[in-house]
Colleague: 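First, the structure itself, so that you have it in front of you.
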Amino acid sequence: MPEGVEIEIYRRGAEAAVGRSIASVEAPDEWFLKGGLTPAEVTAAVTGRTVVAARARGKLLVLDLDDDTRVGLRFGMTGRLIVDDNASIDYLEYSSTRNDPAWDRFVLNFEDGGDLRLRDPRRLGGVSLDPDEDALGVDAFVIKPKQVRDRVAVGEVPLKARLLDQSRIAGVGNLIADETLWRAGLDPVRAAGSLTDDEVKKLVRHLRKVLADFLRDGGSHTGRLQPARVRGGLCPKDGTALLRREIGGRTTYSCAHHQR
DNA sequence: CTCGACTCCTGTTAGC
DNA sequence: TGCTAACAGGAGTCGA
C-alpha cells in the first residue's frame, strides 16, 4: 500500500510533470476533493499554471506550481499515480490488480497532450490545495536519531502506534512499521518511552535499512516479514508462531520470541 | 495537549 | 453458482 516508500516512487514519476503547463483538470469525484474544495475552485486554481516541482513529505505528494499554489495528493491505501500512461508502481498490496480508468479520481491534462492521473479504487486518497505540511513530522527518510528519541520514543503509547503517528514521523505506514520492529527485535506494544538509547539507535538503523530495501525492491510489500503476515504465519527468523494483534488501530504481526 | 475509539471508502476473498 | 460478511488501513473527527 502507499506508504512513504511508494510516495517517493510516485514523486520520481511526478518529476516527468515538472516544467509542463496544465491545460485542463478532471475532478469527477467531489468527495475526493478535501477541505471543502470544489471542482470549479481547483480547476480555476491550476489551469494555465506550470508545475515547477514535485516533493514528497511522508505520505503526501506535493506539486508546486509557478504561482506558489501547492497541490497536495494523498493516495490512501489503494491510490496510484500514472503520468503519461506510465504507472511508477504496478502492484499495491490490498489494492486491485485490475486497471480501470473509472477509478481516475483526479487528472491534470497538460498542454502537450500528456496527463497525470490519480487512480484510486477505494477512494481513500484525496486532493487538496495548499495542504498544511507543517502538521507532518520529519520525513522518515531523513529523520535523525535525536529526532526519533525526542519525538517518537516518548510516552506510554505503544511503540507501533507512535511510528504510525504522522505528526511525529511522516511516512511510516503499517507494513514499514511491522517490518522495522520485526527486524529490530522490538515488541510493538512496548511503551514508546521505554526504549533505551541503544534501542533507539537500533530502531533508526533498521528503519533506514527497511526504507532503502523497500525503495530498491519496489514497495512496502517486499519485506521479509510480509509473506508471514497472515493468520497462522510463522516468524521467518525463528519459526515461532507470529502474534496477530490490533495495535494503534492496525493489524499488527510480531514475533513473541525475538521481539522484546 | 494527548490519546483511544470510531467512521469513512470499496475491491477482494473466504465461506456457506 | 451466487450471495453475504469480513477484511484491509490512511486520515479525520470527537470526546474524555
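This is a predicted model, so every value here is computed, not measured. So that the names make sense, note that chain A is the first sequence line, chain B the second, and so on, each numbered from 1.
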Colleague: Measure from CD1 on I247(A) to C1' on dA5(B) and round the result to the nearest Å.
Modeller: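 From I247(A) CD1 to dA5(B) C1': 16 Å.
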Colleague: How are the rings of H258(A) and W182(A) set relative to one another: parallel (under 30°), tilted (30 to 60°) or perpendicular (over 60°)?
Modeller: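 It falls in the perpendicular class, over 60°.
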Colleague: Would you say the side-chain atoms of D120(A) pair up with the backbone N or O of G125(A), donor to acceptor, closer than 3.5 Å?
Modeller: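 Checked: pair present.
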Colleague: Check whether any side-chain N or O of R20(A) sits under 3.5 Å from a backbone N or O of A16(A) as a donor-acceptor pair, and report yes or no.
Modeller: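 Checking the backbone N and O of A16(A) against the side chain of R20(A), a donor-acceptor pair under 3.5 Å is found.
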Colleague: Working to the nearest 0.5 angstrom, can you tell me the gap between L73(A) CG and L81(A) CG?
Modeller: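 One gets 7.0 Å once the value is rounded to the nearest 0.5 Å.
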Colleague: So which nucleotide from dC9(B), dC7(C), dA11(C) ends up closest to the side chain of K59(A)?
Modeller: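 Comparing dC9(B), dC7(C), dA11(C) against the side chain of K59(A), the answer is dA11(C).
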Colleague: How long is the line joining CG of L37(A) and P of dG12(C), in whole Å?
Modeller: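 Checked: the CG to P distance equals 15 Å.
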Colleague: Among residues 129-160 of chain A, which residues get a heavy atom nearer than 4.0 Å to DNA chain C?
Modeller: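 Hits under 4.0 Å, by residue number: none.
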Colleague: Can you figure out which of dT2(B), dC9(B), dT10(B) approaches the side chain of R168(A) most closely?
Modeller: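 Shortest atom-to-atom distance from the side chain points to dT2(B).
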Colleague: Of the options R231(A), R244(A), R229(A), which is the one that meets Y253(A) in a side-chain hydrogen bond (donor to acceptor under 3.5 Å, both in side chains)?
Modeller: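 Checked R231(A), R244(A), R229(A) against Y253(A); only one passes side-chain hydrogen bond (donor to acceptor under 3.5 Å, both in side chains): R244(A).
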Colleague: Give the rounded distance in Å between these two atoms: CG of D165(A) and P of dC3(B).
Modeller: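 Interatomic distance, CG of D165(A) to P of dC3(B): 8 Å.
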Colleague: Restricting both atoms to N or O, compile the protein contacts to nucleotides 14-16 of chain C shorter than 3.5 Å, with distance only.
Modeller:
none

Colleague: Within the pair R162(A) and dC3(B), is there a side-chain N or O less than 4.0 Å away from OP1 or OP2?
Modeller: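 Yes, R162(A) has a side-chain N/O under 4.0 Å of OP1/OP2 on dC3(B).
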Colleague: Go through residues 172-188 of chain A and report each residue with a non-hydrogen atom lying under 4.0 Å from DNA chain C, sorted by number.
Modeller: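 Under 4.0 Å from DNA chain C: G173(A), N174(A).
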Colleague: Which one, dT2(B), dG11(B), dC9(B), comes nearest to the side chain of R123(A)?
Modeller: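 Taking heavy atoms from C-beta onward, the closest nucleotide is dC9(B).
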Colleague: Starting from P on dG11(B), measure out to CG on D120(A) and report it in whole angstrom.
Modeller: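 Distance check: D120(A) CG to dG11(B) P gives 10 Å.
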Colleague: I want to know whether F75(A) and Y10(A) have ring centres closer than 6.0 Å.
Modeller: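 For F75(A) and Y10(A), the ring centres are under 6.0 Å apart.
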Colleague: Counting N and O atoms only, with roles assigned by atom type, does the side chain of E133(A) sit under 3.5 Å from a partner on the main chain of R57(A), one being a donor and the other an acceptor?
Modeller: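 Answer holds: no.
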Colleague: Looking across every strand, which nucleic acid part, if any, lies under 4.0 Å from T251(A) by heavy atom: base, sugar-phosphate, or nothing?
Modeller: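 T251(A): backbone/sugar contact only, no base atoms under 4.0 Å.
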Colleague: Mind calculating the distance between CD (E246(A)) and P (dT7(B)) to the nearest angstrom?
Modeller: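 Rounded to whole Å, this separation is 13 Å.
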Colleague: Look at W103(A) and dG11(B) and indicate whether a side-chain polar atom (N or O) is within less than 4.0 Å of OP1 or OP2.
Modeller: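 Result: yes.
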Colleague: Would you mind telling me which of Q259(A), R245(A), K160(A) makes a side-chain hydrogen bond (donor to acceptor under 3.5 Å, both in side chains) with S254(A)?
Modeller: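 With S254(A) as partner, side-chain hydrogen bond (donor to acceptor under 3.5 Å, both in side chains) holds for just one option, R245(A).
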Colleague: Nearest-Å distance, CZ (R122(A)) to P (dT12(B))?
Modeller: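 The distance from CZ of R122(A) to P of dT12(B) comes to 8 Å, rounded to the nearest Å.
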Colleague: Can you tell me which residue among R224(A), R183(A), R208(A) is in a side-chain hydrogen bond (donor to acceptor under 3.5 Å, both in side chains) with D213(A)?
Modeller: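 Exactly one pass, corresponding to R183(A).
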Colleague: What's R119(A) touching, base or sugar-phosphate or nothing? Going by heavy atoms closer than 4.0 Å.
Modeller: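 Nothing: the residue R119(A), judged by heavy atoms under 4.0 Å, touches no strand.
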Colleague: When you get a sec, tell me which of dC9(B), dC3(B), dA11(C) is the closest nucleotide to the side chain of Q166(A)?
Modeller: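 Looking only at side-chain atoms, Q166(A) lies closest to dA11(C).
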Colleague: Would you check, one step at a time, whether the test side chain to side chain donor-acceptor pair (under 3.5 Å) holds for T69(A) with D67(A)?
Modeller: CA-CA 6 Å; T69(A) 296; D67(A) 66 343; 2.9 Å; yes
Colleague: Would you mind reading off the distance between I169(A) atom CD1 and dA11(C) atom P, rounded to a whole angstrom?
Modeller: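 My rounded result for the distance is 14 Å.
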Colleague: Among D104(A), D100(A), D84(A), exactly one meets salt bridge (Lys or Arg N to Asp or Glu O under 4.0 Å) together with R117(A). Which residue is that?
Modeller: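 With R117(A) as partner, salt bridge (Lys or Arg N to Asp or Glu O under 4.0 Å) holds for just one option, D104(A).
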Colleague: Under a 4.0 Å threshold between the charged nitrogen and the carboxylate oxygen, would K59(A) count as salt-bridged to E6(A)?
Modeller: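 No, no charged N to carboxylate O under 4.0 Å.
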Colleague: Which one, dA11(C), dC3(B), dC7(C), comes nearest to the side chain of R244(A)?
Modeller: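 The nucleotide sitting nearest to the side chain is dC7(C).
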Colleague: Quick one: L163(A) CG to dC3(B) C1', roughly how many Å, whole number?
Modeller: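 One finds 16 Å between C1' of dC3(B) and CG of L163(A), rounded.
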Colleague: With heavy atoms under 4.0 Å as the rule, sort R231(A) into base, sugar-phosphate or nothing.
Modeller: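 The answer is sugar-phosphate, as R231(A) gets under 4.0 Å only of primed atoms, P, OP1 or OP2.
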Colleague: Given 3.5 Å as the limit, does a donor-acceptor pair link the side chain of D139(A) with the main chain of G58(A), or not?
Modeller: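 Answer holds: yes.
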Colleague: M77(A) side chain: which of dC3(B), dG11(B), dA8(C) is closest?
Modeller: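 Nearest to the side chain of M77(A) among the choices is dA8(C).
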Colleague: Decide yes or no, distance alone: a donor-acceptor N/O pair under 3.5 angstrom between the base of dA11(C) and the side-chain of R74(A).
Modeller: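 Flag unset: no donor-acceptor pair detected.
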